Structures are given as structure tokens and as C-alpha cells.
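Working notes, beginning with the structure itself.
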2 protein chains.
Amino acid sequence: MNSKDQSGEAAYKVVARELRQGILQRRYADGTRLPTEAELATEYQVSRQTVRRAFHDLVAEGMVYRVPGRGTFAAPRDGQYLRQFGSIEDLMGLSLDTQLEVLRPLRRQVDIESASRLRLDSDVVHTVVFRRTHFGDSFCHTTVHLHPAAAAALDDVPELGQEGAVSDATIIGLLDTRLPSPIAEAEQSITAAAAERTLADALGCQVGDPLLRVDRTYLTTDLQPVELAINHFLPEQYSYRVKLRRNTH
Amino acid sequence: MNSKDQSGEAAYKVVARELRQGILQRRYADGTRLPTEAELATEYQVSRQTVRRAFHDLVAEGMVYRVPGRGTFAAPRDGQYLRQFGSIEDLMGLSLDTQLEVLRPLRRQVDIESASRLRLDSDVVHTVVFRRTHFGDSFCHTTVHLHPAAAAALDDVPELGQEGAVSDATIIGLLDTRLPSPIAEAEQSITAAAAERTLADALGCQVGDPLLRVDRTYLTTDLQPVELAINHFLPEQYSYRVKLRRNTH
DNA sequence: CGTTATTTGTGCGTATGTATT
DNA sequence: AAATACATACGCACAAATAAC
């Protein structure tokens with residue numbers, strides 16, 4: 001490692017992170033060129049190779065594309081909010097460029113179905129409803145049901161209890177540090193649904209419009225479900241991408 | 001470029017391709033270590049940096065994982081440490097309990113968008129439209145666009161050329177045995193869409209009903225796209241499930 | 001039309017750090 | 001403690017694509 005590195009974070013990761021954030025915050029409009037390798041090397045006081053290493057990651061993530069002789073460009077996203085959610089980290093990183101706005105504050109309620117999906121003994125869950133926005137655009141409506149212990153762990157987060165409050169957090173990001181055991185995995189189920197009145201109002205679409213519904217159950221390392229999130233996305237602004245591989249038995 | 005390079009193919013790509021093939025052919029069983037960087041550098045007569053470049057690609061693809069001090073290992077395919085989820089077999093297994101009915105027989109046509117998504121030089125693709133049923137219930141409408149070579153490989157399947165024909169095959173199942181290199185992976189994009197007239201008729205739902213739209217591009221082991229399938233599912237009869245894991249090995 | 005400058009791509013050498021055995 | 005193996009970082013040289021002249 002370089003002698004200049006005091007923080008423990010690799011130089012190329014710093015460069016990649018800052019560029020990623022800049023792209024997500026639309027600091028590089030579609031079609032405009034990013035700084036060249038040489039420019040970034042000077043700016044960050046690293047070698048050109050280190051900048052290349054950062055770009056290599058961003059290309060793999062699909063954040064940018066590069067053309068020899070021309071430059072590096074932010075990958076066009078035809079209006080869609082395009083993020084790869086292949087891992088839990090990706091979901092936690094959501095807070096990098098989105099905000100949540102509380103529509104219905106966190107409160108205790110009886111919900112037999114959610115309680116059973118969280119494998120609770122009682123029928124009591126804690127529920128919060130919010131909307132997630134990206135630069136002012138609402139693209140996701142989320143209802144989160146929490147295990148009582150998880151809800152208790154969020155006691156010190158006043159925003160969640162207040163209607164209209166805005167935060168740049170993610171629920172699992174908050175839970176991950178507050179629970180005794182961290183979040184280890186999530187089970188995700190994806191289907192389509194028509195927008196009901198509440199959803200249509202929150203997302204600014206028509207009643208009956210098709211929405212992408214994504215249910216996620218988050219489990220801690222001891223496989224205890226702690227959170228059930230029911231998300232509804234506007235399809236024009238969001239699509240879910242995965243790679244499938246062969247199982248060669 | 002290195003003076004040894006006569007072929008025009010980058011040295012690191014050759015190394016990556018051969019390793020990828022070896023892994024897909026199970027030449028490195030789960031848990032056994034791949035050759036070290038130094039060994040591969042000697043074997044291929046390239047520098048250690050070039051081997052690293054190849055491994056970097058394989059890591060990004062999820063083919064291998066690396067542990068400092070221990071070595072490089074083929075990523076297990078049974079889901080345990082898998083970063084990417086779902087499997088091609090699941091899709092091939094469709095034919096076990098479903099049937100397809102040809103709505104529009106396989107024929108040559110010009111489709112610029114599909115051709116570009118298949119990364120073709122020309123604008124000509126071969127297209128077939130069918131409906132998939134499960135015990136008489138239609139649950140999926142599929143439009144398949146094929147690489148010309150893939151379409152040629154299906155010449156001996158008369159059902160595809162005949163409207164109304166019924167078969168219990170899957171297109172990739174057919175392609176897998178007929179193409180020189182097998183199907184290795186698929187890229188999948190999921191979103192929601194409203195049913196158009198054609199879709200509604202085929203699936204027996206109302207125009208405007210929400211459908212789950214799943215686009216899949218199938219690639220052979222040499223990463224050549226051969227098939228683009230656009231599926232529309234009835235959400236009541238289909239939902240897509242995946243498990244997400246934490247990225248730390 | 002070729003020439004030149006710019007920019008990314010490939011390849012290799014070296015040094016040092018960190019994790020594992 | 002030593003050897004092994006991967007990770008990070010920097011340096012250089014040249015190739016290939018692009019754009020401007």
C-alpha cells in the first residue's frame with residue numbers, strides 16, 4: 001500500500017466512490033465527458049494506473065462506459081433509476097443518492113399476515129410507511145413491518161416517528177449497526193400489481209397503473225427475520241436486473 | 001501491445017477465457033484452488049500483472065473469488081457463496097410441467113432494437129411468439145428474438161414454424177444441445193407493464209392489467225448473445241424469488 | 001488525404017503491504 | 001519466523017481509436 005494511505009481505504013476506492021457519487025448526483029449530465037485519466041490522476045495525486053483501477057470497477061458496475069480516443073461517459077439511463085441490487089450492500093448504499101420521506105410514522109399495530117411472515121409469536125408488528133425519492137422524483141413507496149426488537153432498536157431515530165420527516169437513511173442501514181447481530185441475507189419476491197389509491201397518490205401515477213412490487217424479508221446472521229419491506233416501484237423509473245448462471249451439476 | 005500478440009486478442013483475455021472455460025467445465029472442483037498468479041504467468045508466458053488483469057474480470061463476473069494468502073477458487077454454484085442468483089436450469093426446467101403454443105411462427109424480420117440487444121452487425125433477427133401454459137392455464141406470453149446462427153440451429157424443429165403447434169420444449173433447451181457452445185448465462189431485467197390487446201388476448205386478462213415483464217438475454221460460454229426473450233407473466237400465477245446475501249466472503 | 005494531438009487500452013517491471021499457512 | 005499468495009500503487013512504453021487540422 002502507498003505510504004500516503006493513512007485511512008486504510010484504498011486510493012482507487014476513494015476515486016471510484018467519489019466518481020460514483022458524482023454520477024448518481026448527476027454532476028455529469030448524459031453525454032458529457034468525465035475528466036480524463038490524466039486529469040483525475042493530477043486531481044487526486046495518484047498515478048494514472050490507480051485512476052484506471054477505479055474506472056474498471058465503475059465499468060463493471062455499469063456506471064460508465066469508455067470509448068478509446070474519446071473519453072469516459074456516464075452510462076445513459078433512459079429516465080430510469082438504474083441500480084444493481086445483487087447484494088445487501090447495494091441496498092444499504094441506496095442512501096447515497098436517495099431520500100426517504102415518512103408518510104405514516106412508526107407505530108405498533110396488529111397485522112396477522114406480516115407477523116406471520118416475520119415468524120412472530122404474537123400478531124403485533126411495528127409499521128412505518130415512507131416514500132423514496134431521487135432528486136425530487138418519487139420512485140418507490142415502501143411499507144416496512146418490523147420485529148418488536150428491531151422497532152425498539154430504532155427508538156433513537158426521531159425522524160421515523162414524525163410524519164413528513166425526511167432522511168437519507170435506509171432502514172436496514174440503521175438496523176445493521178443497532179441490532180446485536182447484523183443483517184446477513186434477504187429473501188426477495190418480485191411481482192406486478194396495480195396501483196391502489198394510496199400508492200397512486202404517493203407516487204403520482206393513476207389508479208390501476210402497473211407497478212413493480214418487491215417484497216423483501218431481511219434476516220440477521222442467526223436467521224431471525226427482523227424486517228419485512230413491501231416496495232412498489234414505478235416501472236418507468238425502475239427495473240430490476242440480475243445475472244443468471246449455470247448450475248453445472 | 002506485447003510483441004507476442006499476433007492474433008489481435010489481448011493476452012489477458014486469452015487467459016480469462018481459458019480459465020472461464022475450465023471453470024464452466026468443472027475442471028476445478030468446488031473448494032480446490034486454481035493455479036496461482038505466478039504459475040499462470042509462467043504457463044502463459046505473461047507477466048503476473050496480466051494474470052491479475054484476467055482474474056479481475058473473472059471476479060467481476062462472479063466466476064471466482066479470491067482470498068489473500070490462500071488462493072483463487074471457483075465460485076461454488078450451489079448458492080452458498082453465490083453473488084448472483086437464480087439458475088438457468090430453473091428456466092430449462094420449465095418444460096417439465098409447462099407447454100408452449102406457437103402464436104406466430106419463427107420467421108426472419110428486421111428489428112433494429114432487438115438486433116442491437118443481441119449485439120448483431122445486421123438488423124435482421126429471427127422471431128417467434130408463443131404462449132406458455134400450465135395445465136391448460138396460460139400464464140406467460142413470450143416473444144423470442146434469435147441470433148441468425150441460433151435460428152439456423154433450430155431448422156430441424158418443425159413445431160416452431162407452424163402456428164398453433166404445441167410443444168413441451170424450451171428454446172434454450174433446444175439451443176443448448178444444438179449450438180457449438182452451450183448456454184452459460186443469462187442477463188435478466190424485470191419490470192412491470194400494462195397488458196396490451198395482444199397480450200391480454202393471449203393470457204386471458206383485461207387490457208391494462210398489470211403484468212410482470214421479464215427480458216432475458218442468453219449468452220453462450222464464449223459470451224455471445226444468442227437469444228433475447230421478452231416474457232409477460234400474469235402476476236397471480238408467477239412471482240420471481242431471489243435471495244440476496246452479504247458480499248463479504 | 002494524411003498528420004498530429006488526445007485519450008483510452010494493453011503489457012510489463014518494481015516495490016511494498018497484508019493475510020494465510 | 002519464514003514462505004506463500006493476493007492487494008495496492010507507481011512507473012514506463014507502446015498500441016489503437018478518435019478527433020481536429
Side-chain angles (χ1 to χ4, degrees), chain A residues 1-19 23 28 31-75, chain B residues 1-20 23 28 31-75 81 83 121 223 247-249:
Chain A
M1 189 146 310
N2 189 343
S3 57
K4 286 163 200 155
D5 176 41
Q6 305 289 329
S7 61
E9 187 172 18
Y12 78 89
K13 286 188 180 173
V14 176
V15 178
R17 183 163 40 75
E18 300 213 357
L19 287 170
I23 293 161
Y28 308 102
T32 52
R33 218 190 57 187
L34 269 66
T36 66
E37 295 177 354
E39 285 165 356
L40 289 165
T42 307
E43 181 183 342
Y44 286 94
Q45 287 292 293
V46 295
S47 78
R48 190 188 147 209
Q49 308 310 318
T50 303
V51 175
R52 283 186 63 73
R53 180 69 180 75
F55 270 134
H56 198 116
D57 281 9
L58 295 176
V59 169
E61 290 168 23
M63 295 291 297
V64 303
Y65 66 93
R66 320 193 72 192
V67 185
R70 290 216 293 136
T72 305
F73 306 85
Chain B
M1 187 137 322
N2 188 344
S3 57
K4 285 161 199 154
D5 176 42
Q6 305 289 328
S7 59
E9 187 174 17
Y12 77 90
K13 287 187 180 174
V14 175
V15 178
R17 182 163 42 74
E18 300 214 355
L19 288 171
R20 187 183 299 114
I23 292 161
Y28 308 102
T32 53
R33 218 190 58 188
L34 270 67
T36 68
E37 295 177 353
E39 285 164 358
L40 289 165
T42 307
E43 180 183 342
Y44 285 93
Q45 288 291 295
V46 295
S47 80
R48 195 190 138 207
Q49 306 310 318
T50 303
V51 176
R52 282 187 63 73
R53 181 71 180 75
F55 270 135
H56 200 272
D57 281 9
L58 295 176
V59 169
E61 291 169 21
M63 294 292 295
V64 303
Y65 67 94
R66 320 193 71 190
V67 185
R70 289 217 292 137
T72 304
F73 307 84
Y81 294 99
R83 241 199 82 217
D121 294 329
L223 301 186
N247 255 345
T248 49
H249 279 295

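Below, read A as the first sequence line, B as the second, and so on, with proteins coming before strands; counting in each chain starts at 1. Since the structure is predicted, the reported quantities are computational estimates derived from the model, not experimental observations.
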How close or far is atom C1' of D:dA7 from atom OH of B:Tyr65, stated in whole angstroms?
18 Å
Of the candidates D:dC6, C:dT20, C:dT8, the side chain of A:Thr36 sits closest to C:dT8
Would you indicate which nucleotide in D:dA17, C:dT10, C:dT20 comes nearest to any side-chain atom of B:Arg70?
C:dT20
For the pair A:Tyr65 and A:Phe73, name the ring-plane relationship: parallel under 30°, tilted 30 to 60°, perpendicular over 60°.
parallel
Side chain of A:Lys13 only, heavy atoms from C-beta on: which candidate in D:dA5, D:dA9, D:dT8 is closest?
D:dT8
Could you pull out the closest heavy-atom pair between A:Arg33 and A:Gly71, with the gap in Å?
CD-CA, 3.8 Å
At what distance, to the nearest 0.5 angstrom, does CD of B:Gln45 lie from CG of B:Leu40?
12.5 Å
Side chain of A:Val46 (C-beta onward), nearest among D:dC6, C:dG11, D:dC10:
D:dC10
In whole angstrom, what separates B:Glu37's CD from C:dG13's P?
14 Å
Would you check if there is a donor-acceptor pair between the side chains of B:Gln49 and B:Tyr12 at a distance under 3.5 Å?
no
Kindly give the heavy-atom pair with the smallest separation between B:Ala74 and B:Leu34, and that separation in Å.
N-CD1, 3.6 Å
Using atom CZ of A:Phe73 as one end and atom P of D:dT18 as the other, report the distance to the nearest whole Å.
11 Å
Residues from residues 49-58 of chain A sitting under 4.0 Å of DNA chain D, heavy atoms only?
A:Gln49, A:Thr50, A:Arg53
Could you check whether B:Glu37 pairs with B:Arg66 (Lys NZ or Arg NE/NH1/NH2 to Asp/Glu carboxylate O, under 4.0 Å)?
yes
In this structure, how many angstroms lie between the P atom of C:dT14 and the CZ atom of B:Arg48, rounded?
13 Å
Consider the side chain of B:Pro68, meaning its heavy atoms from C-beta on, and name the nucleotide among C:dT10, C:dT8, C:dA19 that approaches it most closely.
C:dA19
For the pair made of CZ in B:Arg33 and P in D:dC6, what is the distance, rounded to whole Å?
6 Å
Hunt down the Watson-Crick or G-U wobble partner of D:dA1, both distances under 3.5 Å, from any strand shown, or write none.
none
Does B:Arg66 make a side-chain N or O approach to OP1 or OP2 of D:dA7 shorter than 4.0 Å?
yes
Given atom OH of B:Tyr12 and atom P of D:dA15, what is their separation to the nearest angstrom?
18 Å
Check this for me: does any side-chain nitrogen of one of B:Lys13 and B:Glu18 sit under 4.0 Å from a carboxylate oxygen of the other?
no
